[in-house]
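Read through the structure below, which is laid out as structure tokens, and then see the notes.
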Amino acid sequence: MKKLFFLIMTALVLSVGCNSEKKEASNPLLQPFTTPYEVPPFDQIKLEHYQPAFEFAMQQHNEEIEAIVNNQEAPTFENTIVALDQSGLLLNKIGNIFFNVYEAESDEAMQALANELTPAYSSHFD
């Protein structure tokens, strides 16, 4: 079951397309953190990285949920509840980084971005 879920998630990520791969490759929020203890590389993250990262992660989260909904196997705790609980991890990671930085060192540009991102982020979870 875990292998099937992993294969589905891998296929979904690969189906996003080449343009997303280029954006993903240049966005430190969408890369594995290679810092000690996987701390976000704050020195590499710029304001312009947040919006594309949020958009990518929300799309990925939607695809993860669609994979759960469209799973042809009989529903089980593992393939429904656990899968749903583990969906959206990238979005949660990006949200945690953004909102913590926003609270710690906000400026006018960050506030404007938060005013734009917060409704979309909240709406995504509705």
Chi angles and distances behind the side-chain contact (heavy atoms from CB on, under 4.5 Å) call for E64, L89: CA-CA 10 Å; E64 292 167 351; L89 295 178; over 6 Å; no
Report the C-alpha distance between H61 and L90 in whole Å, list the side-chain angles of each, state the deciding distance to 0.1 Å, and finish with yes or no for side-chain contact (heavy atoms from CB on, under 4.5 Å). CA-CA 8 Å; H61 188 215; L90 178 62; over 6 Å; no
For side-chain contact (heavy atoms from CB on, under 4.5 Å), just list the numbers for K93 and N96, CA-CA rounded to whole Å, side-chain angles, deciding distance to a tenth of an Å, and then say yes or no. CA-CA 5 Å; K93 179 175 85 171; N96 288 337; 5.8 Å; no
How far apart are the C-alpha atoms of I45 and Y50, what are their side-chain angles, what is the distance that settles it, and do they pass the side-chain contact (heavy atoms from CB on, under 4.5 Å) test? CA-CA 8 Å; I45 299 171; Y50 288 109; 3.6 Å; yes
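Remark: aromatic rings of F125 and Y121 are close, center separation under 6.0 Å.
Remark: the backbone N or O of S106 is not paired with any side-chain donor or acceptor of Q111 at under 3.5 angstrom.
Cluster annotation: F77 is not connected to L84 through the hydrophobic network of ILVMFWY side chains, with a link wherever side-chain heavy atoms come within less than 4.5 Å.
Contact record, E73 with N71: N-OD1, 2.9 Å, taken as the closest heavy-atom pair. Residue A114 comes nearest to T118 through the heavy atom pair O-OG1, 2.6 Å, listed as atom of the first residue, atom of the second, then distance. Heavy atoms only, all atoms of each residue included: F33 and V39 are closest at CB-O, 3.9 Å. In this structure, H49 and S26 approach most closely via the heavy-atom pair NE2-O, 3.8 Å.
Atom-to-atom distance recorded for E103:CD and F99:CZ is 9.0 Å, nearest 0.5 angstrom. Note: L91 CG to F54 CZ = 6.5 Å, rounded to the nearest 0.5 Å. The CD atom of Q51 sits 11.5 Å away from atom CG of N27, with the distance rounded to the nearest 0.5 Å. Rounding to the nearest 0.5 Å gives a distance of 12.0 Å between CD of E63 and CG of N70. Rounding to the nearest 0.5 angstrom, the gap separating the CD1 atom in I94 from the CG atom in L29 is 5.5 Å. Distance OG1/T35 to CG/D43: 9.0 Å, rounded to 0.5 Å.
Counting only N and O atoms by type, the side chains of D126 and S123 include no donor and acceptor under 3.5 Å apart.
Considering only heavy atoms from C-beta on, L113 stays 4.5 Å or farther from Y102 through its side chain.
Evaluated for a side chain to side chain contact (heavy atoms under 4.5 Å, CB included) with P75, the options I68, T80, I81 yield exactly one hit, T80.
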